[in-house]
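We use all heavy atoms of the structure for the numbers below, so side chains are in, but hydrogens, waters and symmetry mates are not. Numbers restart at 1 for each chain; the letters A, B, ... are given by sequence-line order, proteins then strands.
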There are 2 protein chains.
Amino acid sequence: MKEGPDIAQIGALIGDPARANMLTALMGGKALTATELAAAGGITLQTASTHLAKLEAGRLLAQRKQGRHRYFTLADDAVGKLLESIMGFAAGRGHLRHQPGPKEPALRKARVCYDHLAGDYGVRMLDSLVATGAIDAVGDGLAIGAKGEETFKCIGIDVADLKASRRPLCRSCLDWSERRAHLAGSLGKALLATFFDKGWARRTAGSRSVIFSPDGERHFLALFPVETPVAA
Amino acid sequence: MKEGPDIAQIGALIGDPARANMLTALMGGKALTATELAAAGGITLQTASTHLAKLEAGRLLAQRKQGRHRYFTLADDAVGKLLESIMGFAAGRGHLRHQPGPKEPALRKARVCYDHLAGDYGVRMLDSLVATGAIDAVGDGLAIGAKGEETFKCIGIDVADLKASRRPLCRSCLDWSERRAHLAGSLGKALLATFFDKGWARRTAGSRSVIFSPDGERHFLALFPVETPVAA
DNA sequence: TCCATACTTCGACCGTAGCCGAAGCATCTC
DNA sequence: GAGATGCTTCGGCTACGGTCGAAGTATGGA
């Protein structure tokens with residue numbers, strides 16, 4: 001009793017449906033205003049305001065004032081990682097929403113996980129990168145592989161630049177829909193940003209799902225082939 | 001909105017202080033009766049009973065009937081891992097209990113994390129194992145190293161036996177007090193069990209903290225030396 | 001200056017969930 | 001059987017937290 005950190009506090013913060021919906025919306029990685037988050041949570045602006053104040057006090061959220069707007073984001077990627085891991089856990093226990101909804105398949109195929117690519121395509125990409133030796137996988141850890149710098153330079157990413165930041169380059173993130181790892185970290189972020197830049201894919205408004213263009217999808221699948229099923 | 005798994009459900013389960021205390025108590029790895037858990041939660045037996053029913057329905061807990069006792073444990077090590085990761089997150093945000101209490105230092109030094117060793121000593125052990133090449137660390141992932149099988153055989157652990165189980169051999173677990181990784185997985189479990197078997201250490205009743213005997217501590221420190229500070 | 005927009009604070013309402021006393025089962029001991 | 005122990009269920013109380021309407025504050029634009 002009364003041992004260690006207070007998990008009840010953050011459990012309670014995440015445990016309210018309206019707050020959970022707002023946090024999930026912010027997993028899309030974009031900064032959202034209080035009004036947008038109110039809609040995401042299915043509540044009025046006043047109620048959202050009190051929730052947002054609590055989430056900020058609990059240091060799950062950060063806010064940035066810009067003119068008369070107030071933009072909220074997840075406080076940092078530790079929050080994103082925590083949420084995704086809870087999602088993975090919840091999915092594994094069958095704690096799913098009641099109605100799967102029409103957007104569900106798109107979400108499972110490809111979605112934004114805070115700032116990197118998740119879903120079927122996210123898992124496929126990591127599998128392919130491991131198979132070609134661009135990334136080394138040891139246990140559940142990831143590191144840049146022998147052919148990594150060369151591979152990513154071809155895609156248009158300078159690994160040396162990324163290494164300069166204090167954020168980990170490669171990080172595995174458990175995918176809740178696939179129940180396998182996908183690539184997070186600054187490299188995962190850079191890859192997703194590149195796909196957007198090249199016009200291969202785009203976000204959808206108000207959702208975490210990522211839509212590939214026909215052309216972009218062709219490029220993506222060619223770039224990350226799956227020859228033989230790779231073991232987890 | 002309404003995307004993905006329902007994190008609010010499990011957030012709410014963990015979010016109640018009484019339930020959180022009971023879950024924390026079960027992080028000690030031992031099966032506890034409803035009466036013991038009621039004491040851990042600071043509530044009466046009736047209230048505890050309803051809480052336990054909810055936790056079981058949410059598949060966070062498993063129960064085993066034995067005579068007129070009902071023993072509860074965490075449903076599996078995924079629950080333990082989730083709780084420890086939330087603890088790490090909470091500790092990082094300053095969500096600590098109000099009064100640190102006298103047991104806190106012992107808890108930070110060495111404690112049980114579901115079924116393996118955590119705290120200062122847990123982190124020290126992993127650092128030492130990595131330094132000697134018994135375990136390889138890549139990113140945040142762990143794997144058995146070149147000198148691993150030999151090292152662990154000396155301690156009295158047959159790695160081949162452990163590999164037979166479907167549970168991962170090595171797994172890193174973020175330590176909430178040290179904010180660095182310690183060793184989980186079947187190997188972590190086997191090591192802690194060995195320390196208990198050899199009489200080097202013992203659990204304390206009603207707490208997660210692990211107390212080393214003077215003799216056991218000498219052996220432990222000799223077995224896992226820290227020569228140079230190892231980078232995280 | 002005046003109004004519109006974005007958001008917060010106040011106040012009141014209400015439902016739910018936690019809580020416990022008492023009673024009801026179940027299991028073991030004698 | 002009778003009684004003790006471990007736990008669950010029932011019923012009713014209470015309080016906290018979520019909710020929104022209304023009013024208040026800040027920023028931007030006309």
Can you figure out which of C/dC7, C/dT9, D/dT9 approaches the side chain of A/Q46 most closely?
-> C/dT9

With the side chain of A/A18 defined as its heavy atoms from C-beta on, choose the nearest nucleotide among D/dT19, C/dT5, C/dT27.
-> D/dT19

Are any of A/T47's side-chain N or O atoms less than 4.0 Å away from OP1 or OP2 of D/dG18?
-> no

B/R64 CZ - D/dG6 P separation (whole Å) | 17 Å

Do you see a donor-acceptor pair shorter than 3.5 Å between the side chains of A/S186 and A/S165?
-> no

Is the count of non-hydrogen atoms from other residues, nucleotides or ligands lying under 6.0 Å from A/K189 atom NZ greater than 12?
-> no

Do the charged groups of B/D115 and B/R167 touch, with an N to O distance under 4.0 Å?
-> yes

Where A/R208 and A/W176 come nearest, the two heavy atoms and their spacing | NH1-NE1, 4.0 Å

The nucleotide from C/dT8, D/dT9, C/dA4 with an atom nearest the side chain of B/S49 is D/dT9

To the nearest Å, give me how far apart CG (B/L45) and C1' (D/dC10) are.
-> 15 Å

How close or far is atom C1' of D/dC7 from atom CE of B/M22, stated in whole angstroms?
-> 14 Å

When you measure from the side chain of B/I43, which nucleotide among C/dC20, C/dG18, C/dT8 comes out closest?
-> C/dC20

Picking from D/dG28, C/dC7, D/dG18, which would you name as closest to the side chain of A/R19?
-> D/dG18

Quick note, A/H69 side chain, CB onward, closest among D/dT19, C/dA6, D/dG6 is C/dA6

Shortest side-chain distance from A/R68, nucleotide among D/dC20, C/dT27, C/dA4 | C/dA4

The side chain of B/H51 lies closest to which of these nucleotides: D/dG21, C/dG18, D/dG18?
-> C/dG18

Closer to the 5' end of DNA chain D via nearest nucleotide, is it A/G42 or B/F72?
-> B/F72

Could you give the CG-to-P distance, from B/L37 to D/dC7, as a whole number of Å?
-> 9 Å

Establish, with yes or no, whether the OP1 or OP2 oxygen of C/dT27 is under 4.0 angstrom from a side-chain nitrogen or oxygen of B/K65.
-> yes

For B/T50 and for A/T44, locate the closest nucleotide of DNA chain D by heavy-atom distance; then report the residue assigned to the nucleotide nearer the 5' terminus.
-> B/T50

Spacing of CG belonging to B/L117 relative to OG1 belonging to B/T194, to within rounding of 0.5 Å | 11.5 Å

